[in-house]
Amino acid sequence: MALAARKAQPKRPDPGALLAWYDRHRRRLPWRAEPGQSSDPYRVWLSEIMLQQTTVAAVGPYFHKFLGRFPNVTALADAPSDTVMRLWAGLGYYARARNLHACAKEVAARGGTFPDTEAGLLELPGIGPYTAAAIAAIAFNEKSTVVDGNVERVITRLYAVEEEMPRAKPIIRALTEPLVPSDRPGDFAQAMMDLGATICTPKSPACSLCPWTDPCEARALGIQESFPRKAAKGERPARFGAAFFVTRKDGAVLLRRRAEKGLLGGMTEIPGSDWLPKFDKQPALEQAPLKAEWRKLTGSVNHVFSHFSLELQVFAAEVAQKTRAPENCWWSQEVDAEALPSVMRKVVDLARR
DNA sequence: AACGCGTGGCT
DNA sequence: TAGCCAAGCGT
């Protein structure tokens, strides 16, 4: 039956039709060059790192913040790592910030010039297959095959790829490669991503507005939303813990730095207990950073990470002015202005309520 | 090759 | 509401 449906629309997707659509509808984004202008590799790189698994809307303010503070890759390389991490706070996936800084240092060491090939870019920290291909195509006009989540969705629909992700990845790449035009590889990559972001969306794709409705096999079958095929996801485990909001008489709050690696690596936090599958008050309280009369605040902080959900009970205490900060901790007079990851921002907000 | 790694917006 | 999802990378 699929055979009959496929025979009904044997057209090959035309890259020219996509580019024509792109020329009319291309989105104006802060990191994009104007039509005909060449792209600044630094801006392309910075935006691509920030856009990894992150929405355009979320990236916007951070991109401007970074560009304002670090107008070029050398300025970024010369900044203290603390400054970079603080500016990144709230954007998530903090290993990206560390790799961003490491990459800037490597590029600065080569005179501030990025490698101009996909292979060269792939050597740099934080730059994987997608990002290397994207920078090569967009900034250096290399005919690389750029495959991100948008492209995966567009291609699996165009060709009704039945293979489940991630096994479909090599198939998708092979189907994408022959579509890349020699003259405008960068525009083609951005057009594919724009198409995926605005027309060929995960839910309710706007097929009637799509430059490729005609050759789309999934559309012909009326099952476009079912691609890409994916296995059902397992349950997200829950974890529980305590956070200790300690204020000194003068209002300073106790903070701590997390380990460099792992979850929220290197970020500032409110001291807390381990995060475990169940909440036990006594063992949690024994992990308090100092002795105090703890007052449990009403409510809790709930936060969802990519691979588990977290519920934190918040305990507050006020200690004497002369209290010294425990090991690995310090006092902050202005927690509200601190660069905290979002889950810790929620703890502060609950305590301040 | 799976898994760990954040966050906010949308349905 | 509670899951789903976004221009992935490193290990």
Side-chain angles (χ1 to χ4, degrees), chain A residues 27 29-32 39 43-63 85 88-100 102-103 121-139 144-154 164-167 169-170 176 186 188-198 200-205 225 228 230-239 258-267 269 275 301-310 339-346:
Chain A
R27 294 184 293 170
L29 300 173
W31 43 86
R32 265 186 192 172
S39 307
R43 293 187 185 216
V44 174
W45 164 72
L46 181 61
S47 68
E48 289 298 344
I49 300 301
M50 289 183 167
L51 286 163
Q52 290 167 3
Q53 297 288 286
T54 308
T55 58
V56 166
V59 164
Y62 285 84
F63 180 78
M85 297 309 290
W88 196 277
L91 193 55
Y93 284 142
Y94 298 97
R96 289 185 297 173
R98 295 222 171 283
N99 289 327
L100 181 87
C103 183
L121 289 159
L122 196 50
E123 299 294 313
L124 294 168
I127 298 184
Y130 159 74
T131 306
I135 299 173
I138 297 168
S144 56
T145 304
V146 179
V147 182
D148 75 330
N150 290 303
V151 175
E152 286 172 353
R153 191 166 54 254
V154 170
E164 265 185 14
M165 298 295 290
R167 281 196 306 279
K169 282 176 179 286
T176 307
F188 177 77
Q190 293 178 89
M192 289 288 275
M193 295 191 276
D194 275 13
L195 188 70
T198 64
C200 197
T201 50
K203 308 282 184 191
S204 308
E225 263 194 52
K230 289 179 188 173
K233 292 201 173 156
E235 290 200 2
R236 196 196 305 271
R239 290 193 203 166
R258 291 180 63 87
E260 292 301 310
K261 293 193 172 184
L263 188 73
L264 308 177
M267 301 303 289
E269 70 172 355
W275 299 344
V301 165
N302 289 277
H303 191 76
V304 181
F305 293 100
S306 53
H307 52 302
F308 67 92
S309 62
L310 178 66
L340 299 173
S342 292
V343 61
M344 295 301 154
R345 176 61 51 201
K346 289 182 184 178

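Chain identifiers are assigned alphabetically (A, B, ...) following the order of the sequence lines, protein sequences preceding nucleic acid strands; residue numbering begins at 1 within each chain.
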Seminar exercise, completed: Here the gap from Tyr130(A) atom OH to Asp148(A) atom CG, rounded to the nearest 0.5 Å, amounts to 5.0 Å

Exercise. How many angstroms lie between CG in Leu122(A) and CD1 in Ile127(A), if you round to the nearest 0.5 Å?
Worked result: 8.5 Å

Exercise. Do you know the tightest heavy-atom contact between Asn302(A) and Lys346(A)?
Worked result: O-NZ, 3.0 Å

Assign [X] to base, sugar-phosphate, or nothing according to its heavy-atom contacts below 4.0 angstrom with the strands shown.
X: Trp31(A); result: base
X: Arg345(A); result: nothing
X: Leu29(A); result: base
X: Pro125(A); result: sugar-phosphate
X: Arg167(A); result: nothing
X: Val151(A); result: nothing

Problem set entry | Span that lies between the P atom of dG6(B) and that of dT11(C), in whole angstrom | 14 Å

Exercise. Ignoring hydrogens and geometry, is there a side-chain-to-backbone donor-acceptor pair from Thr201(A) to Thr198(A) under 3.5 Å?
Worked result: no

Using distance only, find each side-chain donor-acceptor pair of residues 91-99 of chain A under 3.5 Å and give its atom names and separation, not counting sequence neighbours.
unit_1   : atom_1 : unit_2    : atom_2 : d
Tyr94(A) : OH     : Gly90(A)  : N      : 3.1
Arg96(A) : NE     : Tyr93(A)  : O      : 3.4
Arg96(A) : NH1    : Ile49(A)  : O      : 3.2
Arg96(A) : NH1    : Met50(A)  : O      : 2.8
Arg96(A) : NH1    : Gln52(A)  : O      : 3.0
Arg96(A) : NH1    : Thr54(A)  : OG1    : 3.0
Arg96(A) : NH2    : Thr54(A)  : OG1    : 3.4
Arg96(A) : NH2    : Leu91(A)  : O      : 3.4
Arg96(A) : NH2    : Gly92(A)  : O      : 3.0
Arg98(A) : NE     : Glu260(A) : OE1    : 3.3
Arg98(A) : NH2    : Glu260(A) : OE1    : 2.8
Asn99(A) : ND2    : Ala95(A)  : O      : 3.3

Problem set entry | Footprint string (nucleotides 5-11 of chain B, 5' to 3'): B base within contact, S backbone only, - free, heavy atoms under 4.0 Å | BBBS---

Problem set entry | Upstream residue (5' side of DNA chain C) when Gly126(A) and Arg153(A) are each assigned their closest nucleotide | Arg153(A)

Set of side-chain hydrogen bond (donor to acceptor under 3.5 Å, both in side chains) partners for [X], sequence neighbours left out:
X: Lys230(A); answer: none
X: Glu269(A); answer: Arg256(A), Arg258(A)
X: Arg27(A); answer: Asp194(A)

Exercise. Taking the six-membered ring for Trp, are Trp31(A) and Phe63(A) parallel (under 30°), tilted (30 to 60°) or perpendicular (over 60°)?
Worked result: perpendicular

Problem set entry | Contact residues, residues 129-138 of chain A to DNA chain C [heavy atom, < 4.0 Å] | Pro129(A), Tyr130(A), Thr131(A)

